[in-house]
Amino acid sequence: MLKLVFEKIGDDYLWKSTLDLLKNDNRMHTKWKNYSSQKLYAQDIEFDDTLLAISEMMDDILA
């Protein structure tokens, strides 16, 4: 399964497409809002910021 994350689709990796889907998924935004309202450490973190952090880490890993 992990190998699939690093598969390329055209010029992009599968993980980038997956993050794009998550970024545009209203259900995931709602789930994050609910989660972050229950967890003190996550209250000031936006969902898009988590996706950006994942994207930056993946870019660093694959550089």
Side-chain angles (χ1 to χ4, degrees):
M1 180 77 168
L2 182 60
K3 183 180 176 184
L4 289 175
V5 171
F6 299 103
E7 292 289 324
K8 278 197 160 189
I9 299 175
D11 292 332
D12 277 331
Y13 288 98
L14 179 60
W15 67 265
K16 287 186 178 188
S17 299
T18 302
L19 284 185
D20 286 341
L21 290 173
L22 292 173
K23 186 175 187 175
N24 296 310
D25 188 332
N26 290 332
R27 291 177 300 156
M28 290 303 292
H29 281 268
T30 300
K31 286 178 180 271
W32 178 258
K33 191 171 186 172
N34 291 338
Y35 176 83
S36 64
S37 70
Q38 296 171 8
K39 307 296 181 185
L40 185 60
Y41 60 87
Q43 286 180 348
D44 295 328
I45 302 171
E46 297 294 326
F47 184 65
D48 287 344
D49 291 337
T50 63
L51 297 180
L52 179 61
I54 292 167
S55 180
E56 290 173 351
M57 285 189 295
M58 291 298 289
D59 284 338
D60 287 345
I61 290 169
L62 297 171

Using the six-membered ring wherever Trp is involved, compare the ring planes of Y13 and W15 and label them parallel, tilted or perpendicular (cut-offs 30° and 60°).
parallel
Shared hydrophobic cluster for L21 and W32 (ILVMFWY, side-chain gaps under 4.5 Å)
no
Name every donor-acceptor pair, under 3.5 Å, that has one atom in a side chain of residues 42-63 and the other anywhere in the protein, sequence neighbours excluded.
{"residue": "T50", "atom": "OG1", "partner": "F47", "partner atom": "O", "Å": "2.5"}

Nearest-0.5 Å distance, CZ of residue R27 to CG of residue L22:
10.0 Å
Distance-minimising heavy-atom pair for N24 and D20
ND2-O, 3.0 Å
Looking at every heavy atom in both H29 and K23, which two are closest together, and how far apart are they?
NE2-O, 2.8 Å
